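What follows is a short report on a single structure.
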Amino acid sequence: MGVVRERFRPDGSLSTEAMEALQRDIAEAAVLEDVLEVDATDVRDGDALVAGVDQAFLEDRAVSAVVVCEGETVVAREHATTPLSIPYVPGLLAFREGEPVLAALERLDVAPDVVLLDGSGRIHYREAGLATHVGVCLDAPTVGVAKSLLCGTPSAPIDALQEGERVPIEADGEMTAPDGDVVGYAYQRRQYPDSTTVNPLYVSPGHRVSVETAVEIVAAAGGEYKLPRPIRLADRYADEVKAEQA
DNA sequence: GCGACAG
DNA sequence: ATCTTGTCGC
């Protein structure tokens, strides 16, 4: 797959103002409806190519890894290492990690039906998190899967979620989305029987996927851990590559 | 001014 | 994200 909208490619040398302006344009270009060739049932049945992306870091560069799964089978994987341009800034993650992510995805020969990324999609101040940014650049279906909440307000307590349950995340005053809009879901993939420890995933649409389908796909992606299999595998792969380069 | 903040 | 051993628990 490749970048089809060069104008949106993340550039770490831009000013903060320019980055934020670009994010507003990206949010405008993002499609929050289902425009993809598979649904959650296809994913669950192993009839879809689901890619997972994750990063690992060395002192001055980032390693991005992508693993493409078809059910429980890994059908492809690639990685790319690029120099780090800017430090981590909440809300501007795509400008730090977007370049290596796109580089890794551009090396993929097969086009996944949907790409799952570690980070937010529409759960973002300007509705343009990493998953949205990458999705719009590639014009491909993407979903953001974050381990913690960047912004937005859960419509109900997330501390009593049982395995498989979800709670809507609504836009609030610090976001560009209209207050009350459901921008994502807190989703509990795994939960231990008697544990009081809760750590749901925060799922939000990136591009060409509705918020409902986004969480359904993550629920159908499989895996034995907190993260859906494709991302979990990408996480491991990124660590392997990092170890080789260290 | 204060608080909150993906990876 | 990353620095890191053992350790509590399923």
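Just so it is clear, the values below take in all heavy atoms, side chains as well, and ignore hydrogens, waters and symmetry mates. Note that the structure is predicted; figures quoted are calculated from it, not measured. Within every chain, numbering begins at 1; the chains are lettered A, B, ... in the order of the sequence lines, protein sequences first and strands thereafter.
- At the phosphate of dG7(B), OP1 or OP2 sits under 4.0 Å from a side-chain N or O atom of Ser148(A).
- Separating the CG atom of Asn199(A) from the C1' atom of dG7(B) is a distance of 17 Å, rounded to the nearest angstrom.
- Between the P atom of dC5(B) and the OH atom of Tyr125(A) lies a distance of 8 Å, rounded to the nearest Å.
- Of the N and O atoms on the side chains of Tyr88(A) and Glu97(A), not one donor lies less than 3.5 Å from an acceptor on the other residue.
- Base-pairing analysis of DNA chain B finds no stem of at least three consecutive Watson-Crick or G-U pairs with both pairing distances under 3.5 Å.
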task: Using the salt bridge (charged side-chain N to carboxylate O under 4.0 Å, His left out) rule, take Arg9(A) and Glu99(A) through it: C-alpha gap first, then chi angles, then the decisive distance, then the call.
output: CA-CA 8 Å; Arg9(A) 189 185 283 273; Glu99(A) 295 184 33; over 6 Å; no
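- Taking atom CG on Asp239(A) and atom P on dA1(C), their separation rounds to 9 Å, with Å as the unit.
- Computed from coordinates, the Arg190(A) CZ to dC10(C) P distance equals 14 Å when rounded to whole Å.
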task: Apply salt bridge (charged side-chain N to carboxylate O under 4.0 Å, His left out) to the pair Glu163(A) and Arg189(A), showing each step before the final yes or no.
output: CA-CA 6 Å; Glu163(A) 191 161 310; Arg189(A) 295 193 78 252; over 6 Å; no
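- Counting only N and O atoms by type, the side chains of Thr176(A) and Glu127(A) include a donor and acceptor under 3.5 Å apart.
- Ring-to-base geometry places Tyr88(A) in a stacked arrangement with dG7(B) (centre distance under 5.5 Å, plane angle under 30°).
- Look at CG on Asp235(A): it is 17 Å from P on dA6(B), rounded to the nearest Å.
- With rounding to whole Å, Leu227(A) atom CG is found 9 Å from dG7(B) atom P.
- Listed nucleotides dG7(B), dG3(B), dA6(B) differ in distance to Ser120(A); the shortest reach to its side chain belongs to dA6(B).
- Of the N and O atoms on the side chains of Ser64(A) and Gln55(A), at least one donor lies less than 3.5 Å from an acceptor on the other residue.
- When heavy atoms are screened at a 4.0 angstrom cut-off, Leu92(A) is found touching base atoms of the nucleic acid.
- Out of dG3(B), dA6(B), dG7(B), the shortest distance to the side chain of Asp118(A) is found at dG7(B).
- In this structure, Glu216(A) pairs ionically with Arg166(A), as a charged nitrogen and a carboxylate oxygen lie closer than 4.0 Å.
- Using a 4.0 Å heavy-atom cutoff across all strands shown, Gly144(A) reaches no nucleic acid atom at all.
- A donor-acceptor distance shorter than 3.5 angstrom exists from the side chain of Arg190(A) to the backbone of Glu224(A), with no hydrogens or angles considered.
- Ile123(A) has its CD1 atom 10 Å from the C1' atom of dA6(B), to the nearest Å.
- Although no hydrogens or angles enter the test, the distance criterion places a donor-acceptor pair under 3.5 Å between the side chain of Arg208(A) and the main chain of Asp139(A).
- With respect to the salt-bridge test (charged N to carboxylate O, under 4.0 angstrom), the residues Arg236(A) and Asp54(A) do not qualify.
- Put simply, Lys242(A) has a side-chain N or O that comes within less than 4.0 Å of OP1 or OP2 on dT2(C).
- Note on Ala56(A): only backbone sugar-phosphate atoms sit closer than 4.0 angstrom, heavy atoms only; bases stay farther off.
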message: Both atom distances under 3.5 Å, Watson-Crick or G-U wobble: I'd like the secondary structure of DNA chain C as a dot-bracket string, with | for pairs made across strands.
response: ..........
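- Close to dA6(B), at under 4.0 Å from its OP1 or OP2, lies no side-chain N or O of Lys147(A).
- There is a path of hydrophobic side-chain contacts, each under 4.5 Å, that joins Phe95(A) to Phe8(A).
- Per the geometry, CD belonging to Gln23(A) stands 14 Å off P belonging to dA6(B), to the nearest Å.
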